[in-house]
Amino acid sequence: MDKVLIFDTTLRDGEQSAGAALNIEEKLEIAKQLENLRVDIIEAGFPISSQGDFEAVRRIAREVRTPVICALAHARPEAIDRAWEAIREAKHPRIHVFLSTSDPHLIYQLGKNREEILEAATAMVRRAKSYCPDIEFSPMDASRTDREFIYQVVESVIEAGATTVNIPDTVGYAIPEEFGDLIESLFNKVRNINKAVVSVHCHDDLGLAVANSLEAVRRGARQVECTVNGIGERAGNAALEEIVMAIHTRKDFFNLTSGIDSTQIYKSSRLVSDMTGFQIQRNKAVVGENAFRHQSGIHQDGLLKAAITYEIMNPQTVGIPSSSIVLGKLSGRHAFVERLAELGYSLNEEDLNRAFRSFKDLADKKKDVTDKDIESLVAQEMRTLSETYHIEHIQVSCGDHSVPTATVKLRGPGDVILADAALGTGPVDAVYKAINRLVAVPNKLTEFSVNSVTAGIDAMGEVLIRIESDGVTYTGRGAATDIVVASAKAYMNALNRLLAGKQAREKSKTEK
Ligand code: KIV
Ligand code: ZN
């Protein structure tokens with residue numbers, strides 16, 4: 001069976017989504033999970049775009065050794081040099097060069113003619129090739145480019161050394177049959193096409209990214225560029241989990257395979273959602289809350305008789321934990337550790353002790369501790385690992401006849417304990433104001449939402465916030481059975497990320 005290569009661009013195109021800024025540690029953690037998922041290629045970033053991106057790509061290249069690590073570069077010598085600089089220590093490095101080829105981009109954006117584009121594309125591929133044997137080229141906005149010109153560009157870049165040619169539907173304009181025709185035509189019109197892998201990169205502006213990618217695969221493409229949960233520029237990219245599960249579930253139709261370990265899909269999806277702060281819509285294919293839930297009586301009846309009646313995929317295949325085992329306050333450390341292992345977590349002794357203490361605290365407040373609670377609890381513990389400021393204590397007083405008041409105690413740098421109090425329009429406002437008095441970093445709250453992790457009045461609440469400072473958005477998350485405490489944790493998380501981001505930017509300025 002033929003294999004389709006899975007090229008994951010969560011850390012590059014995915015991170016380009018408005019409001020999805022990730023720090024270096026978070027990118028590294030996602031890259032390690034993508035390695036567990038067994039993606040073939042990780043596009044780790046766009047090194048010339050910022051010092052932070054450069055550092056993240058370099059760390060990933062050093063520490064993630066199984067997949068190919070790819071760095072993006074636009075068709076300029078300095079971008080290609082910088083990309084190589086970032087990935088030169090990778091075990092399997094790749095440089096991905098892109099340049100627009102469509103008339104709208106040439107006329108209105110670049111002010112260049114086709115000869116100049118052809119010349120720059122081949123020259124930059126040659127330059128990249130002088131560093132590294134594995135080179136990808138993307139004619140940006142390919143789906144709106146004149147066909148004859150695409151053939152010419154593709155043939156020339158392969159001649160210059162490109163080993164993968166990626167055909168992007170940059171603006172999500174293509175329709176499956178039309179896009180499939182374009183891909184198929186490359187095999188007939190480009191003389192040297194068999195010297196390169198044909199790849200596709202589809203955006204979801206018309207909700208067709210997955211359909212376009214799959215049609216391209218049916219017509220001969222053997223690399224698909226995609227992102228976990230489909231995040232990406234504007235409406236996003238083709239969703240990795242949907243591409244992989246379509247190929248897996250419909251082997252009878254595609255007669256193809258991917259190297260992905262599908263049981264890692266759910267964990268990857270949760271991790272990316274948690275780190276980017278982009279919640280997964282309930283009815284999202286494969287990884288949504290409702291994807292394997294059957295509501296109608298007729299469906300439930302069929303399912304009880306035989307799963308095949310209404311279930312085309314088994315939830316365990318994508319690694320969705322079964323919620324049948326419920327822990328409680330009488331559960332011991334052994335049961336907790338086993339449950340963590342079954343959920344795919346392997347924590348070191350220290351983290352495990354902290355997580356177990358939090359589990360016991362939670363079990364005191366909540367009768368049943370489900371898999372979802374455990375996931376939320378572990379995510380909360382992980383968030384506190386690299387904190388500059390840690391919440392020690394919060395107390396609020398509020399009600400319809402009193403002025404909401406909050407007292408906050410924090411542990412700051414050097415383990416110094418800081419405390420202050422403030423009034424607010426509500427308990428969360430009062431807590432945030434008290435925190436602001438202690439951590440004096442100007443910022444603006446731009447988003448605030450609360451969700452319950454499970455059903456029930458004793459459920460854990462998960463708070464997601466976004467704050468803005470100096471034009472940069474930072475996401476924060478917090479979980480607790482008390483939503484005021486969860487809100488405080490989310491704000492602390494966002495502020496800690498803001499401080500870490502500022503510190504990293506200052507460090508890179510002094511290094512320059
Ligand atoms: O959408 C696009 O065209 C891209 C390229 C850089 C491949 O992201
Ligand atoms: Zn893109």
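Both ligands and their constituent atoms are indexed starting at 1 by order of listing.
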Taking distance alone, with N or O pairs closer than 3.5 Å, would you say [X] contacts ligand 1?
{"X": "Asn166", "answer": "no"}
{"X": "His96", "answer": "no"}
{"X": "Asp141", "answer": "no"}

Nearest heavy atom to atom 1 (O) of ligand 1: which of His203, His105, Glu225 does it belong to? His203
From the candidates Arg12, His74, Glu233, the one that places a heavy atom nearest atom 6 (C) of ligand 1: Arg12
Angle, OD2 of Asp13 through the Zn ion (ligand 2) to NE2 of His201 - 10° precision: 90°
Atoms of ligand 1 close to [X] [distance to a heavy atom under 4.0 angstrom, numbered from 1]:
{"X": "Asp13", "value": "8 (O)"}
{"X": "Ser138", "value": "7 (C)"}
{"X": "Met140", "value": "3 (O)"}

Do we get Arg114 above Phe149's six-membered ring, with its NZ or CZ under 6.0 Å from the centre and within 45° of the axis? yes
Would Lys267 pass as a cation-pi partner of Tyr345, given that its NZ or CZ must be under 6.0 Å from the six-membered ring centre and within 45 degrees of the axis? yes
Name of the residue among Lys27, Arg58, Arg82 meeting side chain to side chain donor-acceptor pair (under 3.5 Å) with Asp53: Lys27
Ser268, Ser273, Ser269 screened by side chain to side chain donor-acceptor pair (under 3.5 Å) with Asn229, the one that passes: Ser269
With the Zn ion (ligand 2) as the reference point, give the N/O/S atom of His203 that is nearest. NE2
Tell me the protein heavy atom at minimum distance from atom 3 (O) of ligand 1, and give that distance in Å. Thr170 OG1, 2.6 Å
Considering non-hydrogen atoms of the protein only, which is the closest contact for atom 4 (C) of ligand 1, and what is the distance? His201 NE2, 3.5 Å
Please report the interatomic distance CD(Glu136) to CZ(Phe98), rounded to the nearest 0.5 Å. 12.0 Å
How long is the gap from CD1 on Ile95 to CZ on Phe137, to the nearest 0.5 Å? 13.5 Å
Examine all N, O or S atoms of Glu233, backbone included, and report whether one is under 2.8 Å from the Zn ion (ligand 2). no
How are the rings of His96 and Phe7 set relative to one another: parallel (under 30°), tilted (30 to 60°) or perpendicular (over 60°)? perpendicular
Ala494 to Ile467 - nearest heavy-atom pair and separation: CB-CD1, 3.7 Å
Can you tell me if CD on Glu116 sees more than 12 non-hydrogen neighbours from other groups inside 6.0 Å? yes
